Amino acid sequence: MPPIDLRSDTVTRPTPAMRQFIAIAPVGDDVIDVDPTCDRLEKLTAELLGKEAAVFMPSGSMTNQVAVRIHCKPGDEFICESGCHIYNYEQGAFAQLSGLVARTVEGKFGVLHVDQVRGLIRPDNEHLLRTRLICLENTHNRGAGKIQPYENMVAICEWAHKNSLRTHLDGARLFNAVAATNIDANTWSQRFDTVSVCFSKGLGAPVGSALAGTKEAMKEARRHRKLFGGGMRQVGIIAAGALYALENNRGRLLEDHANAQILAEAIRQTDGLTLTPDVVDTNIVIFRVEEALGTAAEFAAELKEQNVLCFAIGPAQVRLVTHLDVSQAQCTAASEIIQSTAAAMAKGKRKAKLVEAAY
Ligand SMILES: *Cc1c(COP(=O)(O)O)cnc(C)c1O
């Protein structure tokens, strides 16, 4: 039996229909002039996000790093939430590639309030960095797929623009927020100068992300994409997978959210496990493993023995992510395995060899 893979929504494989679409996609040299499939994808992305233009890139990390680069110059500073992807999971590329400093502010499951950022803009003084940008993340990965409260986000963007800061949204999972609310992608994006979205997360494409913004900003983005090694030639071959995903897989994200609720409910009912936060908004479930049971890495190793894959993301924290390659039946089966594993570990029973913590 194939494992029930809840490690990430990036593990999805292309379906036969997506492969067929990729196989027949028209292509061109997108660095010399244009690749028609990539062009279609960029236009559709821009339209959905209500922006003038979009640029396709190989990864979400690149879209974020190009975004911070076009908003900031070396020696500038940007504000972000301390658990965000840009700060934690991109090797500090903003420092390595662009000479930038990040000022982190701790949110509540990834959510910042405007009162926390007021007063953080440094005055114009030659001793000081220049504060240029604020980045938000929606949905928030480390915040267990938390949807940013809309009004709150608007308040932060209004404050930022009033104070001449730029705004960037890491919307790797923006379409999860769209599916879960009655707020469309255009409305979510409106207040941001740039927005990045991933096609290879819940949408199920093999590769790719895009950055959207004004025509002028996207012209700059194309330059920096090339600088960072992301100029791609017959890119329609991979853009086709992303286009197929964007056209066909947005609506079904709600199935992933419903499946996450099955897992969440099972965890709520299990002694020794605590959902953090208790409410699951979208497709990411994070829970704490009580010390009496063992570490998160041990818990994940026990689950693996029973064909359920997940990641320990901290000493006591386990993350589960639902996606289009796990069915409702598999999530129900995984829930039962999680409950029986917790019960067995509470009694000191282990099947897996002791593992080194890795997160
Ligand atoms: C996955 C992810 C990204 C981009 O990751 P890549 O692996 O570089 O595509 C960016 N932001 C968030 C919040 C993510 O979850």
Side-chain angles (χ1 to χ4, degrees), residues 1-30 34-49 54-60 62-63 139 145 171-180 184-186 196-212 230 232-263 282-284 307 309 320-334:
M1 274 238 293
I4 302 174
D5 196 341
L6 300 169
R7 289 174 300 172
S8 173
D9 46 8
T10 57
V11 301
T12 56
R13 317 267 169 94
T15 57
M18 183 186 279
R19 285 180 182 274
Q20 180 59 22
F21 190 79
I22 293 168
I24 61 169
V27 296
D29 190 321
D30 197 57
V34 69
D35 173 288
T37 302
C38 188
D39 189 53
R40 241 181 93 190
L41 171 68
E42 290 174 345
K43 290 200 163 102
L44 176 61
T45 305
E47 187 191 318
L48 288 171
L49 299 177
V55 181
F56 183 61
M57 302 195 203
S59 72
M62 191 184 281
T63 58
T139 65
R173 294 186 181 81
L174 184 65
F175 290 109
N176 291 87
V178 172
D184 63 19
N186 186 325
S196 56
V197 289
C198 286
F199 306 112
S200 61
K201 299 270 163 84
L203 293 178
V207 182
S209 292
L211 181 69
M232 298 174 286
R233 305 289 178 170
Q234 282 72 47
V235 65
I237 293 294
I238 59 172
L243 181 58
Y244 184 91
L246 191 60
E247 285 182 334
N248 295 283
N249 293 343
R250 277 181 284 141
R252 61 151 308 287
L253 289 170
L254 281 176
E255 292 173 36
D256 300 342
H257 300 177
N259 289 338
Q261 293 300 332
I262 294 173
L263 294 162
T282 54
N283 70 326
I284 304 180
N307 228 14
L309 306 184
L320 310 171
V321 188
T322 58
H323 52 79
L324 84 177
D325 282 3
V326 283
S327 64
Q328 185 185 357
Q330 285 179 308
C331 288
T332 303

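From a predicted model like this one, the values you see are computed outputs, not experimental measurements.
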Original post:
Going through the distances and angles, do Val55 and Glu42 end up as a side-chain contact (heavy atoms from CB on, under 4.5 Å)?
Top reply: CA-CA 6 Å; Val55 181; Glu42 290 174 345; 4.3 Å; yes
Subject >> Worked check of side chain to side chain donor-acceptor pair (under 3.5 Å) between His257 and Asn176 >> reply: CA-CA 8 Å; His257 300 177; Asn176 291 87; 3.0 Å; yes
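Among all heavy-atom pairs drawn from Leu254 and Ala179, the shortest one is CD2-O, 3.3 Å. A pairwise comparison of heavy atoms in Phe56 and Ser209 identifies CD1-O, 3.2 Å as the closest pair. Residue Leu211 comes nearest to Met57 through the heavy atom pair CB-CE, 3.9 Å, listed as atom of the first residue, atom of the second, then distance. When every heavy atom of Asn259 is checked against every heavy atom of Ser327, the shortest pair comes out as ND2-C, 3.9 Å.
Qualifying side-chain contact (heavy atoms from CB on, under 4.5 Å) partners for Glu255, counting only residues two or more places apart in sequence or in other chains: Arg252. For Asp30, the salt bridge (charged side-chain N to carboxylate O under 4.0 Å, His left out) partners two or more places apart in sequence, or in a different chain, are Arg222, Arg225. Shown here are the salt bridge (charged side-chain N to carboxylate O under 4.0 Å, His left out) partners of Asp184, two or more places apart in sequence or in another chain: there are none. Scanning for side-chain contact (heavy atoms from CB on, under 4.5 Å) contacts around Ala260 gives Val280, Val285, Thr322, with sequence neighbours left out. For Pro36, the side-chain contact (heavy atoms from CB on, under 4.5 Å) partners are Pro26, not counting sequence neighbours. Scored by the side-chain contact (heavy atoms from CB on, under 4.5 Å) test, Asp39 finds Val34, Lys43 as partners (sequence neighbours excluded). Under the rule for a salt bridge (charged side-chain N to carboxylate O under 4.0 Å, His left out), Asp35 has no partner lying at least two apart in sequence or in another chain.
Considering CG of Leu174 and SG of Cys198, their distance stands at 10.5 Å, rounded to 0.5 Å. For the atom pair CG of Leu49 and CG of Asn186, the computed distance is 8.0 Å after rounding to the nearest 0.5 Å. Leu6 CG to Ile284 CD1: the interatomic distance, rounded to the nearest 0.5 Å, is 12.0 Å. Here the straight-line distance linking atom CD of Gln330 with atom CG of Leu263 works out to 11.0 Å at 0.5 Å rounding.
Judged as a side-chain hydrogen bond (donor to acceptor under 3.5 Å, both in side chains), the pairs with a partner in residues 10-27 (not counting sequence neighbours) are, in order, Ser8-Thr10. Residues in residues 235-246 take part in no salt bridge (charged side-chain N to carboxylate O under 4.0 Å, His left out) pair, two or more places apart or across chains.
Side-chain contact between Pro206 and Pro14: present, with at least one pair of heavy atoms (C-beta onward) separated by less than 4.5 Å. The shortest distance between side-chain heavy atoms of Met1 and Asn307 falls below 4.5 Å. Using a 4.5 Å heavy-atom cutoff, the side chains of Lys201 and Asn283 are not in contact. Using a 4.5 Å cut-off on side-chain heavy atoms (C-beta onward), Leu41 and Thr45 make contact. The shortest side-chain heavy-atom distance between Pro58 and Met232 falls under the 4.5 Å cut-off.
The only member of Thr282, Thr139, Asp9 that meets side-chain hydrogen bond (donor to acceptor under 3.5 Å, both in side chains) when paired with Arg173 is Asp9.
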Side-chain donor-acceptor distances from residues 237-249 under 3.5 Å, at least two apart:
{"residue": "Glu247", "atom": "OE2", "partner": "Arg40", "partner atom": "NH2", "Å": "3.3"}
{"residue": "Asn248", "atom": "ND2", "partner": "Tyr244", "partner atom": "O", "Å": "2.9"}
{"residue": "Asn249", "atom": "ND2", "partner": "Leu203", "partner atom": "O", "Å": "2.7"}

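Between the side chain of Thr37 and the backbone N or O of Gly236 there is no donor-acceptor pair closer than 3.5 Å.
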